[in-house]
Amino acid sequence: MNSIIQNIASIRADFPILSEKVYGKSLVYFDNAATTQKPLCVVRKIDDGYLLHNANVHRGVHYLSQVATEAHESARSTVKDFIGAKSTSQIIFTRGTTESINLVAFSYGELLKEGSEIIVSEMEHHSNIVPWQLLCERKGLKLKVIPFADNGVLDLDTYKNLFTERTALVAVTHISNTLGTVNPVKQIIDIAHSHNVPVLIDGAQSVAHTKVNVTDLDADFFVFSGHKIYGPTGIGVLYGKEELLDKMVPYQAGGEMIERVTFEKTTFNVLPYKFEAGTPDFIGSTALATALEYVQNIGIENIAEYEQGLLKYATERLKEIDGLRIYGNAPERGAVISMNVGNIHHYDIGTLLDKLGLALRTGHHCAEPVMQHYGIEGTLRASFAFYNTKDEIDKLIDGINKVVKIFT
Ligand SMILES: *Cc1c(COP(=O)(O)O)cnc(C)c1O
C-alpha cells in the first residue's frame, strides 16, 4: 500500500491550513495547480531565516553573512540534485516560472537574428506565450504553434513539420495546467535536437507531481516556481545548459552579477551569478530547499502514484454526473481536471462550491488559447495534491450534485 495512504493524517497535520474552516465548513483545497499549501517546516524555515540567520549573502566577512551565504548556496545544491542537474552553475534563482521564461526570452532572444522562429504549443500558459510574443515584436521573429487534438494530445506530426532552418527555440509545457496532459517531452526534445534546436520545458506543473531529471531529458532550459511545489512564493528556478547560459547576455544588471565595474567597462560574474542581479531571495531559496526535502522524504514516486489514484477516482465519479464534460483525456495525465456541467456557468458552480468549503478554480486558467480551442470561456478546475483524499473528492461530487439541483 502507498505510504501516503497509511500516513495521510500526519501528512495533513503538516499543513495547518487544511484544518481551517471556511463558512463553517471544512476546507477542501482543490486549487493546487494555482498554488500549493505550505508544510510547517517550510513556514518555520522562513521564520528561522529572519529570526536567526538574517544577513545579506556573498558580501560580508561577518559570521551571519557567512551562515546566510552557505544556506543559500546549499539550497542551490538541493535544487540541482532534485532535478538531476550536473552543476550548481546551471541553477539560477528567479522569482518564478514567469520570470525564468522572460529571462530566457530576453537573454537568449538577444542572440537571435530577425526572421528566426520560435515554436510553442496551443496548450501553453500565458507565461509561455506572451514573453515570446514580445520577443517576436522586438526582434522581428515569428511564433509557430503546435496544435492539440480535442483529447488534449499534441499533434507531433504537425510539430515535426514546423521546423525550418530559421527555427531557434521550442518552448513547451511538461504538464498542461488546464488539460492535465503530460506531454512526451523527451520525444519533443529529441525531435528538436535532430534539428539542432534547443528546448525550454515549462515544469511549473510537473516538478511537484512526477520525477524530473533534466539531464536524462536533455532539456536545454527547465523552469519552475517554488510556490507550486510547497515552497514560498517569489522564488523560482531556471535550469540551463552552461554552453547556452554562457553565450547569453545578462537579463538585469546591478550587484552580484558583476565581476568588476569601472566607468569604462564592466565585466560580469561567472554562472549562475551573471543572471542574479541584486540581493537574491536567500530566505526564499532556503525555504524552497526545505520544501524539496519534504517532498523527497515522502518520495516523488509515491506522490505520483497516490495522485494518479485520486485522478482516477475523481474522473470515474465525475463521469456519473449527467451533462458533465471533462476537457482533455490524454493517455498520460497529471492530477488536473477541467470541466463544465451542462449549461451552468463555471463561475456560478465555483461560487456555490465555495460556499460549501470547496476551493476550485474557475476561468481560463491563464490558457485562453485552450478555451478558444473548445469554443468556451472557461472551465471549473479541480487540481489535486498528495494531501488530498478520496473523501474530499466525494464532497466535491456531492457539491456538484447540489449545484446541479439548484439549476434544474
Ligand atoms: C503557474 C504556471 C506558470 C506561471 O507560474 P508563476 O509562478 O505564476 O510564474 C507557468 N506555466 C504553467 C504551466 C503554470 O502552471
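Read the numbers this way: they start at 1 and go in the same order the structure lists the ligands and their atoms. The model shown is predicted, which means the values in this text are computed figures rather than measured ones.
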Exercise for the section: Could you tell me whether Asp218 and Lys186 have a side-chain N and a carboxylate O separated by less than 4.0 Å? Expected result: no
Handout entry: Closest protein heavy atom (residue, atom, distance) for atom 8 (O) of ligand 1
Key = Thr98 OG1, 3.7 Å
Completion exercise
re atom 13 (C) of ligand 1, the protein heavy-atom contact at minimum distance is Asp202 OD2, 3.4 Å
Problem - Ser225 N/O under 3.5 Å from ligand 1 N/O - result: yes
Fill in the blank from the handout: Residue, atom and distance of the protein heavy atom nearest atom 15 (O) of ligand 1 read Gln205 NE2, 2.6 Å
Problem - Asn177: numbered ligand 1 atoms lying under 4.0 Å from its heavy atoms - result: 15 (O)
Problem - Side chains of Asn388 and Tyr306, donor plus acceptor under 3.5 Å - result: no
Fill in the blank from the handout: re atom 1 (C) of ligand 1, the protein heavy-atom contact at minimum distance is Lys228 NZ, 1.2 Å
Practice task
With the side chain counted from C-beta on, respond yes when Thr167 and Leu162 share a heavy-atom pair under 4.5 Å apart, and no when they do not.
Solution key: no
Practice task
On the 0 to 90° scale, with breaks at 30° and 60°, tag the Tyr374-Phe148 ring pair as parallel, tilted or perpendicular.
Solution key: tilted
Handout entry: Geometric class of the Phe384/Phe30 ring pair [parallel <30°, tilted 30-60°, perpendicular >60°]
Key = perpendicular
Handout entry: His227 heavy atom under 4.0 Å from ligand 1
Key = yes
Problem - Numbered atoms and elements of ligand 1 in range of Thr173, under 4.0 angstrom, heavy atoms - result: 13 (C)
Fill in the blank from the handout: In this structure, CD of Gln133 is separated from CZ of Arg138 (nearest 0.5 Å) by 14.0 Å
Handout entry: ligand 1 atoms in contact with Thr97 (distance to a heavy atom under 4.0 Å)
Key = 4 (C), 5 (O), 9 (O), 10 (C)
Practice task
Please confirm whether Phe386 and Tyr230 have ring centers closer than 6.0 angstrom.
Solution key: yes
